[in-house]
Amino acid sequence: MSADIVLTGITTTGTPHLGNYVGAIRPTVAASHDTSVQSFYFLADYHSLVKNQDPERLRQSSLEVAASWLALGLDTDQAVFYRQSDIPEIPELTWILSSVTAKGLMNRAHAYKAAVAENDEAGDRDPDKGITMALFGYPVLMTADILMFNATKVPVGKDQKQHVEMARDIAQRFNHIYGDMFTLPEAVVDDNTAVLSGLDGRKMSKSYNNAIPLFAPSKKLRKLIMKIKTNSLEPGEPKDTEASTVFDIYRAIATSEETAAMQQKFADGIGWGDAKQELFEYLDAHLSGPRDEYDRLIANPGHVESVLKAGGQRAREIAGPFMQKLRAAVGIGPLG
Ligand code: TRP
(Lines give C-alpha, C1' and ligand atoms only; values in the text may rest on other atoms or scores of the structure.)
Protein backbone atom coordinates (compact mmCIF):
# COMPACT_ATOMS: atom_id res chain seq x y z
CA MET A 1 0.00 0.00 0.00
CA SER A 2 1.30 3.43 -0.81
CA ALA A 3 1.69 6.13 1.79
CA ASP A 4 -1.24 8.15 2.97
CA ILE A 5 -1.94 11.56 1.53
CA VAL A 6 -3.27 13.81 4.26
CA LEU A 7 -5.04 17.02 3.33
CA THR A 8 -6.92 19.70 5.17
CA GLY A 9 -7.85 23.36 4.80
CA ILE A 10 -8.78 26.23 7.07
CA THR A 11 -11.38 28.74 5.96
CA THR A 12 -10.05 32.29 6.16
CA THR A 13 -12.97 33.96 7.86
CA GLY A 14 -11.38 35.58 10.88
CA THR A 15 -8.55 35.76 13.38
CA PRO A 16 -7.43 32.31 14.55
CA HIS A 17 -8.51 31.59 18.12
CA LEU A 18 -7.55 29.05 20.76
CA GLY A 19 -10.25 26.68 19.51
CA ASN A 20 -8.72 26.69 16.02
CA TYR A 21 -5.34 26.10 17.61
CA VAL A 22 -6.21 22.95 19.53
CA GLY A 23 -8.70 21.68 16.94
CA ALA A 24 -6.83 22.24 13.69
CA ILE A 25 -3.55 24.14 13.80
CA ARG A 26 -1.71 22.19 16.50
CA PRO A 27 -2.54 18.73 15.10
CA THR A 28 -1.61 19.72 11.55
CA VAL A 29 1.68 21.27 12.64
CA ALA A 30 2.52 18.04 14.47
CA ALA A 31 1.53 15.94 11.45
CA SER A 32 3.55 18.12 9.08
CA HIS A 33 6.71 16.64 10.61
CA ASP A 34 5.58 13.08 9.93
CA THR A 35 7.79 11.80 7.15
CA SER A 36 5.70 8.68 6.58
CA VAL A 37 2.88 10.64 4.93
CA GLN A 38 2.59 13.37 2.31
CA SER A 39 0.54 16.24 3.64
CA PHE A 40 -1.22 19.17 2.02
CA TYR A 41 -2.39 22.14 4.07
CA PHE A 42 -4.07 25.16 2.62
CA LEU A 43 -5.96 28.37 3.18
CA ALA A 44 -9.51 27.83 1.94
CA ASP A 45 -10.01 31.41 0.77
CA TYR A 46 -12.62 30.60 -1.87
CA HIS A 47 -14.64 28.88 0.84
CA SER A 48 -14.48 31.99 2.96
CA LEU A 49 -16.22 34.02 0.23
CA VAL A 50 -19.40 32.21 1.16
CA LYS A 51 -19.59 34.01 4.48
CA ASN A 52 -17.20 36.88 4.15
CA GLN A 53 -17.81 39.60 1.61
CA ASP A 54 -15.47 42.11 3.15
CA PRO A 55 -12.33 42.04 0.93
CA GLU A 56 -10.06 43.66 3.50
CA ARG A 57 -11.12 41.20 6.18
CA LEU A 58 -10.57 38.29 3.81
CA ARG A 59 -7.04 39.43 2.99
CA GLN A 60 -6.23 40.07 6.65
CA SER A 61 -7.60 36.69 7.70
CA SER A 62 -5.54 34.91 5.03
CA LEU A 63 -2.42 36.58 6.36
CA GLU A 64 -3.31 35.75 9.97
CA VAL A 65 -4.14 32.11 9.32
CA ALA A 66 -0.97 31.61 7.27
CA ALA A 67 1.18 33.42 9.85
CA SER A 68 -0.32 31.33 12.67
CA TRP A 69 0.50 28.08 10.93
CA LEU A 70 4.03 29.21 10.19
CA ALA A 71 4.66 30.73 13.62
CA LEU A 72 3.72 27.45 15.27
CA GLY A 73 6.28 25.60 13.22
CA LEU A 74 4.51 24.09 10.23
CA ASP A 75 7.13 22.14 8.30
CA THR A 76 6.77 23.62 4.84
CA ASP A 77 9.56 21.47 3.41
CA GLN A 78 7.64 18.30 4.17
CA ALA A 79 4.10 19.54 3.80
CA VAL A 80 2.80 21.34 0.74
CA PHE A 81 1.43 24.60 2.13
CA TYR A 82 -0.60 26.79 -0.23
CA ARG A 83 -3.54 29.03 -0.83
CA GLN A 84 -6.52 27.46 -2.57
CA SER A 85 -6.99 30.43 -4.91
CA ASP A 86 -3.43 30.04 -6.23
CA ILE A 87 -4.48 26.74 -7.80
CA PRO A 88 -6.80 27.59 -10.73
CA GLU A 89 -7.23 23.87 -11.35
CA ILE A 90 -9.39 23.68 -8.21
CA PRO A 91 -12.30 25.85 -9.43
CA GLU A 92 -11.95 24.15 -12.80
CA LEU A 93 -12.32 20.75 -11.19
CA THR A 94 -15.24 22.09 -9.15
CA TRP A 95 -17.19 22.67 -12.33
CA ILE A 96 -16.41 19.27 -13.76
CA LEU A 97 -17.44 17.62 -10.50
CA SER A 98 -20.62 19.72 -10.34
CA SER A 99 -21.60 18.09 -13.60
CA VAL A 100 -21.69 14.65 -12.00
CA THR A 101 -23.07 15.75 -8.61
CA ALA A 102 -26.74 15.11 -7.92
CA LYS A 103 -28.54 18.22 -6.76
CA GLY A 104 -30.39 15.97 -4.33
CA LEU A 105 -27.09 15.14 -2.63
CA MET A 106 -26.45 18.83 -2.00
CA ASN A 107 -30.00 19.28 -0.71
CA ARG A 108 -29.01 17.01 2.15
CA ALA A 109 -25.95 19.01 3.26
CA HIS A 110 -26.27 20.07 6.92
CA ALA A 111 -25.23 23.67 6.36
CA TYR A 112 -27.75 24.16 3.56
CA LYS A 113 -30.51 22.41 5.49
CA ALA A 114 -29.83 24.57 8.53
CA ALA A 115 -30.14 27.72 6.42
CA VAL A 116 -33.45 26.51 4.97
CA ALA A 117 -34.71 25.59 8.43
CA GLU A 118 -33.85 29.06 9.66
CA ASN A 119 -35.93 30.63 6.89
CA ASP A 120 -38.71 28.28 7.76
CA GLU A 121 -38.67 29.26 11.42
CA ALA A 122 -38.61 32.92 10.49
CA GLY A 123 -41.80 32.25 8.49
CA ASP A 124 -40.24 33.27 5.18
CA ARG A 125 -42.19 32.27 2.08
CA ASP A 126 -38.99 31.57 0.14
CA PRO A 127 -37.15 28.67 1.82
CA ASP A 128 -33.98 29.64 -0.06
CA LYS A 129 -34.00 33.27 0.97
CA GLY A 130 -30.46 34.65 1.30
CA ILE A 131 -28.89 31.34 0.27
CA THR A 132 -26.23 31.68 -2.43
CA MET A 133 -25.16 29.10 -4.97
CA ALA A 134 -21.79 29.11 -3.21
CA LEU A 135 -23.34 28.04 0.08
CA PHE A 136 -25.30 25.37 -1.75
CA GLY A 137 -22.31 24.12 -3.75
CA TYR A 138 -19.78 24.45 -0.89
CA PRO A 139 -19.33 20.66 -0.60
CA VAL A 140 -18.40 20.41 -4.31
CA LEU A 141 -15.59 22.94 -3.93
CA MET A 142 -14.40 21.03 -0.88
CA THR A 143 -14.56 17.83 -2.90
CA ALA A 144 -12.35 19.40 -5.58
CA ASP A 145 -9.84 20.40 -2.87
CA ILE A 146 -9.66 16.83 -1.71
CA LEU A 147 -9.76 14.93 -5.01
CA MET A 148 -7.28 17.24 -6.76
CA PHE A 149 -4.50 15.68 -4.70
CA ASN A 150 -6.06 12.25 -4.27
CA ALA A 151 -6.05 12.66 -0.53
CA THR A 152 -6.65 9.45 1.39
CA LYS A 153 -7.09 10.99 4.85
CA VAL A 154 -8.87 14.23 5.59
CA PRO A 155 -8.65 15.43 9.20
CA VAL A 156 -11.72 17.53 9.95
CA GLY A 157 -14.02 18.55 12.77
CA LYS A 158 -17.25 16.61 13.27
CA ASP A 159 -19.27 19.23 11.40
CA GLN A 160 -17.25 18.64 8.21
CA LYS A 161 -17.46 14.86 8.17
CA GLN A 162 -20.54 14.84 5.97
CA HIS A 163 -18.68 16.87 3.35
CA VAL A 164 -15.92 14.29 3.14
CA GLU A 165 -18.53 11.57 2.74
CA MET A 166 -20.03 13.59 -0.10
CA ALA A 167 -16.57 13.80 -1.66
CA ARG A 168 -16.46 10.01 -1.63
CA ASP A 169 -19.86 9.80 -3.30
CA ILE A 170 -18.88 12.31 -5.96
CA ALA A 171 -15.55 10.56 -6.62
CA GLN A 172 -17.35 7.26 -6.99
CA ARG A 173 -19.84 8.74 -9.40
CA PHE A 174 -17.06 10.28 -11.51
CA ASN A 175 -15.05 7.05 -11.51
CA HIS A 176 -18.13 5.12 -12.55
CA ILE A 177 -18.73 7.35 -15.56
CA TYR A 178 -15.19 8.16 -16.70
CA GLY A 179 -13.00 5.41 -15.28
CA ASP A 180 -10.95 5.28 -12.10
CA MET A 181 -9.35 8.67 -11.71
CA PHE A 182 -9.92 9.48 -8.05
CA THR A 183 -8.97 7.84 -4.79
CA LEU A 184 -11.82 7.68 -2.30
CA PRO A 185 -10.98 9.88 0.70
CA GLU A 186 -11.72 9.12 4.32
CA ALA A 187 -12.55 11.63 7.02
CA VAL A 188 -10.41 11.50 10.13
CA VAL A 189 -12.36 12.86 13.06
CA ASP A 190 -10.21 12.81 16.14
CA ASP A 191 -12.46 12.54 19.16
CA ASN A 192 -9.52 13.39 21.35
CA THR A 193 -8.99 16.74 19.74
CA ALA A 194 -10.49 19.04 22.23
CA VAL A 195 -13.48 21.10 21.28
CA LEU A 196 -12.81 24.13 23.43
CA SER A 197 -15.47 26.09 25.18
CA GLY A 198 -15.39 29.86 24.91
CA LEU A 199 -15.84 32.77 27.30
CA ASP A 200 -19.55 32.11 27.80
CA GLY A 201 -19.21 28.33 28.09
CA ARG A 202 -20.57 27.55 24.62
CA LYS A 203 -18.27 26.09 21.95
CA MET A 204 -15.53 28.62 21.15
CA SER A 205 -16.47 30.12 17.81
CA LYS A 206 -16.14 33.35 15.90
CA SER A 207 -19.87 33.33 15.33
CA TYR A 208 -20.64 33.26 19.07
CA ASN A 209 -18.28 36.12 19.77
CA ASN A 210 -16.82 34.18 22.68
CA ALA A 211 -13.37 33.42 21.30
CA ILE A 212 -9.92 34.07 22.70
CA PRO A 213 -7.60 35.06 19.83
CA LEU A 214 -4.64 32.70 19.70
CA PHE A 215 -2.05 35.46 19.62
CA ALA A 216 -3.74 38.20 21.62
CA PRO A 217 -1.11 40.40 23.31
CA SER A 218 -0.48 39.50 26.98
CA LYS A 219 -2.63 42.26 28.43
CA LYS A 220 -5.58 41.47 26.21
CA LEU A 221 -5.17 37.76 26.85
CA ARG A 222 -5.32 38.33 30.61
CA LYS A 223 -8.35 40.56 30.30
CA LEU A 224 -10.24 37.96 28.25
CA ILE A 225 -9.36 35.11 30.58
CA MET A 226 -10.62 37.13 33.53
CA LYS A 227 -13.95 37.39 31.67
CA ILE A 228 -14.50 33.64 31.42
CA LYS A 229 -17.85 32.76 32.91
CA THR A 230 -17.70 30.70 36.13
CA ASN A 231 -20.14 29.75 38.84
CA SER A 232 -20.31 31.68 42.09
CA LEU A 233 -18.45 29.28 44.37
CA GLU A 234 -16.17 31.06 46.84
CA PRO A 235 -12.47 30.40 47.35
CA GLY A 236 -12.08 27.39 49.63
CA GLU A 237 -15.10 25.61 48.21
CA PRO A 238 -14.22 22.53 46.09
CA LYS A 239 -14.87 23.07 42.40
CA ASP A 240 -15.97 20.74 39.67
CA THR A 241 -13.62 20.51 36.69
CA GLU A 242 -16.47 19.22 34.51
CA ALA A 243 -18.07 22.01 32.56
CA SER A 244 -15.47 24.53 33.69
CA THR A 245 -14.13 26.56 30.79
CA VAL A 246 -11.08 27.60 32.82
CA PHE A 247 -10.16 23.97 33.37
CA ASP A 248 -11.14 23.00 29.84
CA ILE A 249 -8.70 25.43 28.26
CA TYR A 250 -5.94 24.61 30.74
CA ARG A 251 -6.28 20.89 30.02
CA ALA A 252 -6.17 21.46 26.26
CA ILE A 253 -2.75 23.09 26.52
CA ALA A 254 -1.06 21.58 29.58
CA THR A 255 0.60 18.18 29.99
CA SER A 256 -1.31 15.43 31.75
CA GLU A 257 0.72 15.87 34.96
CA GLU A 258 0.04 19.59 35.03
CA THR A 259 -3.61 18.91 34.35
CA ALA A 260 -3.77 16.44 37.24
CA ALA A 261 -2.18 19.05 39.52
CA MET A 262 -4.75 21.63 38.45
CA GLN A 263 -7.53 19.14 39.07
CA GLN A 264 -6.26 18.76 42.63
CA LYS A 265 -6.30 22.52 43.08
CA PHE A 266 -9.91 22.60 41.96
CA ALA A 267 -10.75 19.89 44.50
CA ASP A 268 -8.89 21.89 47.14
CA GLY A 269 -11.04 24.92 46.42
CA ILE A 270 -8.76 27.27 44.46
CA GLY A 271 -10.51 30.65 43.98
CA TRP A 272 -11.70 31.47 40.47
CA GLY A 273 -9.47 34.54 40.31
CA ASP A 274 -6.39 32.46 41.15
CA ALA A 275 -7.36 29.70 38.73
CA LYS A 276 -7.75 32.25 35.96
CA GLN A 277 -4.43 33.87 36.83
CA GLU A 278 -2.73 30.45 36.61
CA LEU A 279 -4.40 29.77 33.29
CA PHE A 280 -3.28 33.14 32.00
CA GLU A 281 0.33 32.66 33.09
CA TYR A 282 0.45 29.20 31.60
CA LEU A 283 -0.99 30.25 28.26
CA ASP A 284 1.09 33.39 28.10
CA ALA A 285 4.30 31.41 28.64
CA HIS A 286 3.24 28.67 26.23
CA LEU A 287 2.39 31.07 23.44
CA SER A 288 4.93 33.84 23.88
CA GLY A 289 7.59 32.35 21.55
CA PRO A 290 5.21 31.67 18.66
CA ARG A 291 3.50 35.00 19.32
CA ASP A 292 6.76 36.90 18.76
CA GLU A 293 7.25 35.00 15.53
CA TYR A 294 3.62 35.65 14.55
CA ASP A 295 4.06 39.39 15.11
CA ARG A 296 7.19 39.33 12.94
CA LEU A 297 5.35 37.53 10.17
CA ILE A 298 2.34 39.85 10.30
CA ALA A 299 4.74 42.76 9.93
CA ASN A 300 6.30 41.05 6.92
CA PRO A 301 3.47 39.89 4.67
CA GLY A 302 5.86 39.72 1.71
CA HIS A 303 7.64 36.82 3.34
CA VAL A 304 4.38 34.97 4.04
CA GLU A 305 3.39 35.59 0.44
CA SER A 306 6.62 34.07 -0.86
CA VAL A 307 6.14 30.95 1.27
CA LEU A 308 2.60 30.55 -0.05
CA LYS A 309 3.70 31.12 -3.63
CA ALA A 310 6.39 28.46 -3.35
CA GLY A 311 3.87 26.00 -1.91
CA GLY A 312 1.38 26.89 -4.63
CA GLN A 313 3.98 26.06 -7.22
CA ARG A 314 4.57 22.64 -5.72
CA ALA A 315 0.80 22.05 -5.59
CA ARG A 316 0.40 23.02 -9.23
CA GLU A 317 3.13 20.64 -10.30
CA ILE A 318 0.67 17.96 -9.23
CA ALA A 319 -2.62 19.67 -10.07
CA GLY A 320 -1.59 20.80 -13.58
CA PRO A 321 -0.75 17.41 -15.11
CA PHE A 322 -3.62 15.71 -13.27
CA MET A 323 -6.04 18.27 -14.62
CA GLN A 324 -4.83 17.53 -18.14
CA LYS A 325 -5.68 13.88 -17.60
CA LEU A 326 -9.07 14.76 -16.19
CA ARG A 327 -9.88 17.06 -19.07
CA ALA A 328 -8.97 14.31 -21.51
CA ALA A 329 -11.06 11.82 -19.57
CA VAL A 330 -14.20 13.92 -19.89
CA GLY A 331 -13.57 14.93 -23.50
CA ILE A 332 -12.41 18.51 -23.06
CA GLY A 333 -9.23 19.53 -24.83
CA PRO A 334 -7.32 19.86 -28.07
CA LEU A 335 -8.84 18.30 -31.19
CA GLY A 336 -5.76 17.41 -33.10
N1 TRP B 1 -14.79 23.48 5.04
C2 TRP B 1 -13.71 23.31 5.95
C3 TRP B 1 -14.04 24.02 7.26
O4 TRP B 1 -14.67 25.03 7.28
C5 TRP B 1 -12.41 23.86 5.40
C6 TRP B 1 -12.04 23.13 4.16
C7 TRP B 1 -12.16 23.58 2.88
C8 TRP B 1 -11.52 21.82 4.09
N9 TRP B 1 -11.72 22.63 2.01
C10 TRP B 1 -11.33 21.54 2.71
C11 TRP B 1 -11.18 20.86 5.05
C12 TRP B 1 -10.83 20.31 2.27
C13 TRP B 1 -10.71 19.63 4.61
C14 TRP B 1 -10.53 19.37 3.23
O15 TRP B 1 -13.63 23.55 8.29
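Read the numbers this way: they start at 1 and go in the same order the structure lists the ligands and their atoms. What you are looking at is a predicted structure, and each value in this text was computed from that prediction instead of being measured. FYI, the numbering just counts along the sequence from 1.
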(request) Under the side chain to side chain contact (heavy atoms under 4.5 Å, CB included) rule, collect the residues that match up with Glu64, sequence neighbours excluded. (result) Thr15, Pro16, Gln60, Tyr294, Ile298
(message) Working note: Tyr46 + Ile90, criterion side chain to side chain contact (heavy atoms under 4.5 Å, CB included); need CA distance, chi angles, decisive distance, verdict.
(response) CA-CA 10 Å; Tyr46 277 138; Ile90 289 172; 5.7 Å; no
(request) Check Val156 against ligand 1 and report side chain, backbone, both or neither, counting heavy atoms closer than 4.0 Å. (result) side chain
(message) Between Phe247 and Phe266 (judged by ring centroids, cut-off 6.0 Å), do the two rings come close enough to count as a pair?
(response) yes
(message) Would His163 count as a polar contact of ligand 1, with the cut-off being nitrogen or oxygen pairs under 3.5 Å?
(response) no
(request) Identify the protein heavy atom lying closest to atom 1 (N) of ligand 1, giving its residue, its atom name and the separation to 0.1 Å. (result) Tyr138 OH, 2.8 Å
(request) May I ask you to decide if the ring planes of Phe40 and Tyr82 are parallel, tilted or perpendicular, using 30° and 60° as cut-offs? (result) perpendicular
(message) Using a 4.0 Å cut-off to any heavy atom of Leu7, which atoms of ligand 1 qualify?
(response) 12 (C), 14 (C)
(request) Please identify which atoms of ligand 1 are closer than 4.0 Å to at least one heavy atom of Thr8. (result) 11 (C), 13 (C)
(request) Among all protein heavy atoms, pick out the one at the shortest distance from atom 4 (O) of ligand 1; state its residue, atom name and that distance to 0.1 Å. (result) Thr11 OG1, 3.0 Å
(request) From the options Arg222, Arg291, Lys219, select the one residue that forms a side chain to side chain donor-acceptor pair (under 3.5 Å) with Asp284. (result) Arg291
(message) As an exercise, identify every atom of ligand 1 less than 4.0 angstrom from a heavy atom of Val154.
(response) 13 (C), 14 (C)
(request) List every atom of ligand 1 that sits less than 4.0 Å from any heavy atom of Ala44, numbering the atoms from 1 in the order shown and giving each element. (result) 7 (C)
(request) Could you go through the salt bridge (charged side-chain N to carboxylate O under 4.0 Å, His left out) check for Arg83 and Asp86 one step at a time? (result) CA-CA 5 Å; Arg83 173 171 48 202; Asp86 281 339; 2.9 Å; yes
(message) Once you restrict to heavy atoms under 4.0 Å, what part of Asp159 touches ligand 1? Side chain, backbone, both or neither.
(response) neither
(request) Tell me, please, whether Tyr208 has Arg202 positioned over its six-membered ring: NZ or CZ under 6.0 Å from the ring centre and within 45 degrees of its axis? (result) yes
(request) Any chance you could lay out the ring-ring contact (aromatic ring centres under 6.0 Å, His included) test for Phe182 and Phe322, step after step, and finish with the verdict? (result) CA-CA 10 Å; Phe182 296 125; Phe322 190 36; 5.8 Å; yes
(request) For this output row, return yes or no: ring centroids of Phe136 and Tyr112 closer than 6.0 angstrom. (result) yes
(message) For atom 2 (C) of ligand 1, what's the nearest protein heavy-atom neighbour? Residue, atom name and distance, please.
(response) Gln160 OE1, 3.4 Å
(request) Could you tell me whether some N/O pair between Asp145 and ligand 1 is separated by less than 3.5 angstrom? (result) yes
(request) Return the option from Gly157, Gly9, Ala151 holding the heavy atom at the smallest distance from atom 11 (C) of ligand 1. (result) Gly9
(request) Just let me know how Phe42 lines up against ligand 1, side chain, backbone, both or neither, with a heavy-atom cut-off below 4.0 Å. (result) side chain
